[in-house]
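Some notes on the structure that comes next.
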Amino acid sequence: MVNCNNKLKRHSGIRKNHIILRLITVAAVIGLLWYCINGLDFNEVSPEPILSVGTGSFNVSSAETKKNDTDETSWSLILVNRWNAIPEDYSVDLTELSNGQTVDKRIYPALQKMFDAARADGIYPAVVSGYRTAEKQQSLMDEKIAAYKTEGYSASQAKAEAETWVAIPGTSEHQLGIAVDINADGVKSNGSEVYKWLKQNSYRYGFILRYPPSKTKITGVSNEPWHYRYAGIKAATAMHEQDLCLEEYLGEKN
Ligand SMILES: [Zn+2]
């Protein structure tokens, strides 16, 4: 009887071990699946802010883009031009690009997505100017005025000419952080290829050609085929389809 009891005890002990082993295996499989699913999601929506705009690439999930598109109208449609200065309490949360330029972190996913799409089409753009401080904008203005003076313009003429090319500090979209000057990388693409691609495709990613040649009187800025500004996919698509500049789209009369 004693032997028999020991045998039974040992047997039930082995069964218990089997059950525990199975539970551990199931838990491990569930854990692995969870990691795969969530791990991939995490990589897609929260890439390290690396800023491969200009050099590398990563994927931005459509969920992230959609999320940005629904609660973005208050900031993505802000009108800044020579008649509308940036609000004094405006603050910027920046992300640094791989080449040292910075942009508002809210436009970064769309910007990266647009660059990835361009590269997939064999076009190689580069952000040559993103966010600017008021001081930087002032020094650009001073340089431009000096250049016109060197060409023989009077002080007032030089200032007037410069202001058609460089925004008066406080009125530059670059100070918002949601505008970028995009040129070619200078190796695989040239400027006209990049400008053409951007003009045809940027709206799909929420960017608009901010100063088209046909709208200079309304925007107050000369044709700048390199200056793109984020407005959100919905607004950018409407402006692209109806050939409207931002001032027209917002119904502003200057
Ligand atoms: Zn610009």
Side-chain angles (χ1 to χ4, degrees), residues 51 53-54 75-86 90 92 94-97 99-108 110-112 114-115 118 123 125-145 147-148 159-186 189-199 201-203 205-232 235-236 239-240 245-247 249-250:
L51 329 176
V53 169
W75 60 270
S76 67
L77 290 177
I78 183 170
L79 179 66
V80 166
N81 58 21
R82 61 172 64 210
W83 304 280
N84 296 276
I86 295 166
Y90 193 85
V92 200
L94 299 168
T95 292
E96 190 178 356
L97 308 185
N99 64 1
Q101 292 292 331
T102 52
V103 295
D104 185 313
K105 72 175 194 182
R106 294 170 296 188
I107 74 160
Y108 175 65
L111 186 62
Q112 182 66 60
M114 183 165 76
F115 272 53
I123 300 294
V127 171
V128 295
S129 186
Y131 170 74
R132 288 178 203 154
T133 61
E135 292 73 30
K136 175 70 183 170
Q137 191 65 26
Q138 185 64 58
S139 75
L140 288 175
M141 177 63 86
D142 295 344
E143 282 167 25
K144 200 74 175 173
I145 292 171
Y148 276 113
K159 185 168 177 286
E161 281 298 319
E163 286 177 2
T164 67
W165 288 104
V166 180
I168 299 161
T171 70
S172 169
E173 286 193 334
H174 285 280
Q175 288 174 249
L176 292 172
I178 64 173
V180 280
D181 288 343
I182 304 173
N183 271 326
D185 71 337
S189 291
N190 62 46
S192 53
E193 289 169 332
V194 169
Y195 301 155
K196 188 179 169 199
W197 189 94
L198 289 171
K199 198 177 172 193
N201 299 286
S202 64
Y203 72 94
Y205 308 94
F207 287 88
I208 56 167
L209 173 65
R210 181 68 178 87
Y211 309 118
S214 59
K215 309 286 184 184
T216 56
K217 283 186 182 151
I218 305 167
T219 61
V221 178
S222 298
N223 174 33
E224 289 193 359
W226 53 83
H227 184 106
Y228 278 80
R229 176 244 158 90
Y230 189 77
M239 283 183 257
H240 177 82
C245 64
L246 184 63
E247 282 81 0
Y249 179 76
L250 296 174

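This one's a predicted model, so the numbers in the text were calculated from it and none came from an experiment. All ligand and atom numbering here is 1-based and tracks the order in the structure. FYI, side chains are in, hydrogens and waters are out, and symmetry mates aren't considered; it's all heavy atoms of this structure.
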(Q) Please give me the minimum heavy-atom distance between Ile208 and Leu246, naming the atom from each residue. (A)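 Shortest heavy-atom contact: CD1-CB, 4.2 Å.
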Q) With no hydrogens and no angle check, do the side chains of Trp75 and Tyr230 hold a donor and an acceptor under 3.5 Å apart? A) no
(Q) Which atom name does His227 have for its N/O/S atom nearest to the Zn ion (ligand 1)? (A) ND1
Q: Restricting to N/O/S, name the atom of His174 that gets closest to the Zn ion (ligand 1).
A: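 The Zn ion (ligand 1) is closest to the His174 atom NE2, counting only N, O or S.
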Q) Can you tell me if Asp181 has an N, O or S atom under 2.8 Å away from the Zn ion (ligand 1)? A) yes
Q. Would Arg132 and Asp181 pass as an ion pair if we require N to O under 4.0 Å?
A.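 Yes, Arg132 and Asp181 are salt-bridged.
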**Q.** Residues forming a salt bridge (Lys or Arg N to Asp or Glu O under 4.0 Å) with Glu224, sequence neighbours excluded
**A.** none
